[in-house]
Amino acid sequence: VWKRILKILKWNINETDYNSWMLNVKPIDLTEDKLILEVDNKFIKDRIESKFKEKIIEILNEILILKGYKDLEFRIKENEDNKLFFQKEEEPIKQEKKESKQSKQYKIQQNLFSKGYYNLNDKYLFNNFIVGKSNEFAHAASEAVANAPGKVYNPLFIYGGVGLGKTHLMHAIGNSVLKNNSNKKVYYCSSEQFTNDLINSLKNDKMMEFRSKYRKLDLLLIDDIQFIAGKDSTQEEFFHTFNELHQAGKQIVLSSDRPPKEIDNVEKRLVSRFEWGLIADIQQPDYETRVAILSKKAEMENIKISKEVLEFIAETINSNIRELEGNLNRIVAKASILKKEINIDLVKDVFYDVVKRNNKVVNKDKIIKVVSEYYEISIEDMISSKRKKDIAKSRQVAMYLLRDILSESFSAIGGIFGGKDHTTVMHSVSKIEKDMKENKYFEKDIMSLKEKILNNSN
Ligand code: ADP
Ligand code: MG
């Protein structure tokens, strides 16, 4: 279970955070009502609690959905060093840490930089990128650029919707350029990281370093460039970086969720530069590509799954590749919890709600309305904080269904009901789950409510 949690968590938080905090956490025990983790010291415990506790609880309960609500508890490893370290002067140590953190990070970055690369994810490669009609143009352009950086299309501008492989292609270009020539200076960042770096450099009087860093690259990859919209000083600085690199024949690759012309609040001179080279779009994957992607992923992860099942998934999930991956993982998780093999029935079970959700016929309002009608409790009362028994019950049911049907996060659900915190929502949801298990008639009620929501909604 812990391995699975880590895997999902890894997708959900950034790699640096993951590597700095999660690597030395050990699962100790999984009891009736909680998972106990052991960490090295109090500092790490505090950090993980403040940063990831909520996420881990959510993932944990998602995975063990059939086993009742589980909480999370941290224990600190018994260790003489720890005792001494933290008995002494806890506060000053913390403060010192805080102060030096920025300069430390800066040093790490500079250090990495002197080696010539930074920030590339070595899991995103050309050879695990599956090519289909929807992405063949962007893929071919990326390979051409990777084989002759600065020589063919400059800049290369890749755009497309979320989860379609833009980031994957950018890392693949970077990895490939470095593989061909490890002396090349390659840098990948999001446009937000570029902005942050700029702000920090301005603050710390390090603009010389900033400029020499960005302007001496052989390949600069900036992801999600649309986020520089409205940020004037970033645009100004990026404009000069761009010119310098371009004039020196160095390669620039940009990605965005939309074509250059449609990015509002960006200076004209930048937009026109985005269009200088080649603009390549990535479309939603077609059916064949979706099947190919799924079978490749299953193969890479050693998952046993038949062709029919893969095709069924590809027919059902037609949005983006991240969704495909996510659903494949849900299915694998469910199969392993139930100790069942993966067949169409199991997949249907996992999908029943997803299918409806993708058809966009179900939304929050619909769910709340149906519950309110069924229990004859006004929507106003349901989202109030009244504690009258029948009101509270209808509220819990609505929370359960929002979670069950739409996979809303606990905190989002709390928001709908007047800002209840996520633990309240979690307890409500698990209360309903428990009641359903204990009372067949209640379970039937809930099922018929669900049918109602999913079926008559158009
Ligand atoms: P974007 O940056 O466009 O939002 P990503 O590059 O992050 O999308 O892709 C989302 C996920 O889907 C990643 O895990 C990526 O590896 C995977 N992916 C996307 N396109 C492909 C593809 N053609 N072949 C294999 N995996 C893909
Ligand atoms: Mg991306």
Side-chain angles (χ1 to χ4, degrees), residues 1-13 15 18 22-23 25 27 30 35 37 52 55-70 72 121 123-125 127-130 132 162-165 167-168 284-285 287-358 403-410 429-430 433:
V1 169
W2 180 239
K3 267 196 189 148
R4 229 157 232 293
I5 292 178
L6 283 181
K7 203 170 151 196
I8 299 173
L9 191 66
K10 222 170 168 173
W11 300 328
N12 278 290
I13 65 180
E15 211 168 309
Y18 182 88
M22 299 310 301
L23 285 183
V25 180
L30 181 64
L35 172 67
L37 300 175
F52 313 122
K55 270 227 168 87
I56 297 176
I57 290 183
E58 235 182 288
I59 298 170
L60 173 68
N61 283 289
E62 181 106 24
I63 291 180
L64 298 177
I65 199 140
L66 304 169
K67 309 212 163 159
Y69 173 74
K70 298 227 182 325
L72 196 59
N121 184 337
K123 274 181 263 155
Y124 292 149
L125 303 166
N127 70 19
N128 59 16
F129 187 87
I130 293 121
V162 291
L164 296 181
T167 298
H168 190 133
Q284 306 265 52
Y287 172 73
E288 280 76 23
T289 313
R290 297 202 296 276
V291 175
I293 287 169
L294 284 169
S295 41
K296 176 98 173 205
K297 302 255 171 201
E299 186 195 310
M300 287 189 315
E301 305 245 341
N302 258 326
I303 300 164
K304 278 205 195 82
I305 187 163
S306 74
K307 192 154 171 280
E308 290 79 63
V309 174
L310 287 181
E311 286 172 355
F312 178 73
I313 301 173
E315 269 164 33
T316 317
I317 307 295
N318 54 13
S319 46
N320 69 49
I321 293 163
R322 193 173 289 138
E323 287 270 314
L324 277 179
E325 278 186 336
N327 279 292
L328 186 61
N329 279 300
R330 260 173 208 247
I331 292 161
V332 173
K334 186 140 191 176
S336 82
I337 291 165
L338 298 177
K339 298 207 166 51
K340 280 188 183 164
E341 62 171 305
I342 301 174
N343 58 26
I344 299 243
D345 282 341
L346 183 122
V347 174
K348 272 191 182 151
D349 198 31
V350 174
F351 275 179
Y352 185 57
D353 310 331
V354 180
V355 178
K356 298 288 178 177
R357 177 155 40 112
N358 280 356
R403 176 73 181 169
D404 189 56
I405 299 176
L406 294 179
S407 304
E408 286 284 348
S409 73
F410 293 123
V429 171
S430 54
E433 279 166 358

TODO: Answer yes when K7 and E301 have at least one side-chain N-carboxylate O distance shorter than 4.0 Å, and no when they do not.
DONE: yes
TODO: Identify the heavy atoms of L310 and S295 that sit nearest to each other, and give their distance.
DONE: CD1-CB, 3.5 Å
Task: Single hit among L9, V332, L60 for side chain to side chain contact (heavy atoms under 4.5 Å, CB included) with R4 - done: V332
- [ ] Return the minimal non-hydrogen interatomic distance between Y287 and A314, and the atom names on each side.
- [x] CE1-CB, 3.9 Å
Open item on the list: Using 0.5 Å steps for rounding, measure from the CG atom of D349 to the CG atom of D345.
Closed with: 8.5 Å
Open item on the list: Nearest 0.5 angstrom please: L328 CG to E323 CD, how far?
Closed with: 12.5 Å
Open item on the list: So N329 and I8, do their side chains get closer than 4.5 Å, heavy atoms only?
Closed with: no
Task: Salt bridge flag under 4.0 Å for residues K297 and E325 - done: yes
Open item on the list: I'd like to check L37 versus W2 (side-chain heavy atoms, cut-off strictly below 4.5 Å). Are they in contact?
Closed with: yes
- [ ] Keeping the roles fixed (side chain from T289, backbone from P285), state whether a donor-acceptor pair exists under 3.5 Å.
- [x] no
Open item on the list: Whether the side chain of N327 engages the backbone of L324 through a donor-acceptor N/O pair (distance < 3.5 Å, no angle test) should be reported.
Closed with: no
Task: For the student: nearest non-hydrogen atoms of I59 and I5, plus distance - done: CG2-CA, 4.0 Å
- [ ] Check the side chains of H168 and N121 for a donor-acceptor pair under 3.5 angstrom, ignoring hydrogens and angles.
- [x] no
Task: Within-4.5 Å side-chain heavy-atom neighbours: I56 and M22 - done: yes
- [ ] State, yes or no, whether a side-chain contact exists between I303 and I342 at a heavy-atom distance under 4.5 Å.
- [x] yes
Open item on the list: Once rounded to the nearest 0.5 Å, what's the spacing between atom CZ of F312 and atom CG of N343?
Closed with: 11.0 Å
Open item on the list: What I'd like to find out is whether the side chain of F410 reaches to under 4.5 Å of the side chain of I57, using heavy atoms alone.
Closed with: no
TODO: Heavy atoms only: give me the nearest I344-V309 pair and the separation to one decimal.
DONE: N-CG2, 3.8 Å
Open item on the list: Tell me the closest heavy-atom pair linking L346 and E341, and the distance in Å.
Closed with: CD1-O, 4.3 Å
Open item on the list: Between R290 and I317 (side chain of the first, backbone of the second, donor and acceptor by atom type, cut-off under 3.5 Å), is there such a pair?
Closed with: yes
Open item on the list: Applying side chain to side chain donor-acceptor pair (under 3.5 Å), can you list everything that pairs with E408, at least two apart in sequence or on another chain?
Closed with: none
